[in-house]
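Data block below; observations after.
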Amino acid sequence: MLGQHAVLPLPNPLVFSGGIGQSNRLPCTPLAIRCLITAGPTREFFDPVRFVSNPSTGKMGFAIAAAAKAAGWSVDLVSGPVALPEPAGVMLYPVVTAEDMLRQTDALFGPCDVLIMTAAVSDWRPKVMHPQKLKKDGVGLTVEFEPVPDILATLAQRRRPDQLLVGFAAETENVEANALAKLDRKGIDLVAANSVAGPDGAFGNELNRLILLGRDGFRQALGPAAKAVVAEQLIAALIARLAAPTR
Ligand code: CTP
């Protein structure tokens with residue numbers, strides 16, 4: 001009625017009431033959770049205009065950042081080069097190389113409660129970075145590579161026991177077995193096994209399917225569904241995990 005204000009019911013404190021484009025399906029975490037997320041590919045240049053990388057688009061990591069924000073978490077997002085809009089209310093830290101990503105995540109890791117590493121880190125970098133564009137001379141090119149640091153394993157070495165560390169395993173075969181092996185190898189609590197094989201693989205797709213695996217035998221399938229939906233399911237699973245008396 002004109003001239004009168006509608007009386008709205010008070011919001012349920014456990015249900016997030018989001019704005020346009022935000023989720024209203026996630027429970028709002030009662031505690032102030034600080035979340036650090038990595039996303040996208042990294043690039044390793046061997047001359048000023050050429051690099052090695054992978055087809056990651058960052059969509060899954062950005063969707064997780066939006067879902068975490070919708071759950072009321074504060075979110076730092078460290079991303080390699082992607083063509084995606086910055087999720088509202090999230091602190092975005094753009095990086096290029098694995099070394100940049102290590103430095104940035106290392107700086108943000110201390111106070112974070114939950115680390116979710118979705119980034120597809122390019123595992124090798126050229127030993128030599130040529131300062132000028134290499135000229136074609138009609139023959140092939142041999143580039144020698146060295147490994148980049150393992151960011152997740154490095155951070156896990158100085159983790160607090162109360163921090164929840166989640167990795168993403170990008171696999172083309174034996175997806176669950178290979179993902180499980182990364183739990184111990186990296187010293188993390190949970191790993192999301194993610195197939196990146198073929199046209200249905202995660203890279204660049206609108207849909208995704210994850211199997212969330214824990215050291216304690218925990219196993220939960222998320223999706224197949226749009227990445228935004230899988231992201232909400234992941235955050236909901238982490239909220240349940242954070243609320244559990246033991247992890
Ligand atoms: N990761 C990382 N630093 C790297 C490589 C990977 O922090 N140098 C992280 C990824 O962000 C992901 C997890 O480790 O959360 C698993 O990454 P993945 O690419 O699946 O495995 P790798 O450790 O690279 O092992 P492999 O290539 O042998 O499968």
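From a predicted model like this one, the values you see are computed outputs, not experimental measurements. When a ligand or atom number is given, it counts from 1 through the structure's own listing order. Sequence positions, counted from 1, serve as the residue numbers for this chain.
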Atom 8 (N) of ligand 1: any protein heavy atom closer than 4.0 Å: yes
Heavy-atom donor-acceptor pair, Asn174 side chain to Ala177 backbone, under 3.5 Å: no
Ala119, Pro147, Ala179: member with heavy atom nearest to atom 10 (C) of ligand 1: Ala119
From CD (Gln163) to SG (Cys112), nearest 0.5 Å: 5.0 Å
Donor-acceptor contact below 3.5 Å, side chain Asp189 vs main chain Leu165: yes
Within-shell test, Ala169 vs ligand 1, heavy atom, strictly < 4.0 Å: yes
Contact with ligand 1 for Pro149, non-hydrogen, under 4.0 angstrom: yes
Thr118 side, atom OG1; Leu210 side, atom CG - distance, nearest 0.5 Å: 10.0 Å
Any Arg185 heavy atom less than 4.0 Å from ligand 1: yes
Where ligand 1 meets Gly167 - atom numbers and elements under 4.0 angstrom, heavy-atom basis: 15 (O)
Ligand 1 contact on Val121 by region, counting heavy-atom pairs under 4.0 Å: side chain
Nearest neighbour in protein (non-hydrogen) for atom 3 (N) of ligand 1: Ile151 N, 3.0 Å
Per-atom contacts of ligand 1 with Leu152, taking only distances under 4.0 Å to non-hydrogen atoms: 2 (C), 7 (O), 13 (C), 14 (O), 15 (O)
Identity and distance of the protein heavy atom lying nearest atom 15 (O) of ligand 1: Met117 O, 2.7 Å
Spacing of Ile37 atom CD1 and Ile116 atom CD1 [to the nearest 0.5 Å]: 4.5 Å
Option set Glu171, Lys182, Lys186, criterion heavy-atom distance to atom 29 (O) of ligand 1, minimum: Lys182
Interfacing atoms of ligand 1 (cut-off 4.0 Å, heavy-atom, Val148): 8 (N)
Atom pair CD1/CG of Ile211 and Asn194 - distance to nearest 0.5 Å: 10.0 Å
Exceeds 12 heavy-atom contacts within 6.0 angstrom, atom CD of Glu144: no
Protein residue, atom and distance nearest to atom 5 (C) of ligand 1, heavy-atom basis: Asp123 OD1, 3.2 Å
Heavy atom of the protein closest to atom 12 (C) of ligand 1 (residue, atom name, distance): Phe168 O, 2.9 Å
Side-chain heavy-atom pair Phe109, Arg158 within 4.5 angstrom cut-off: yes
Side-chain touch Ile188/Leu152, heavy atoms, less than 4.5 angstrom: yes
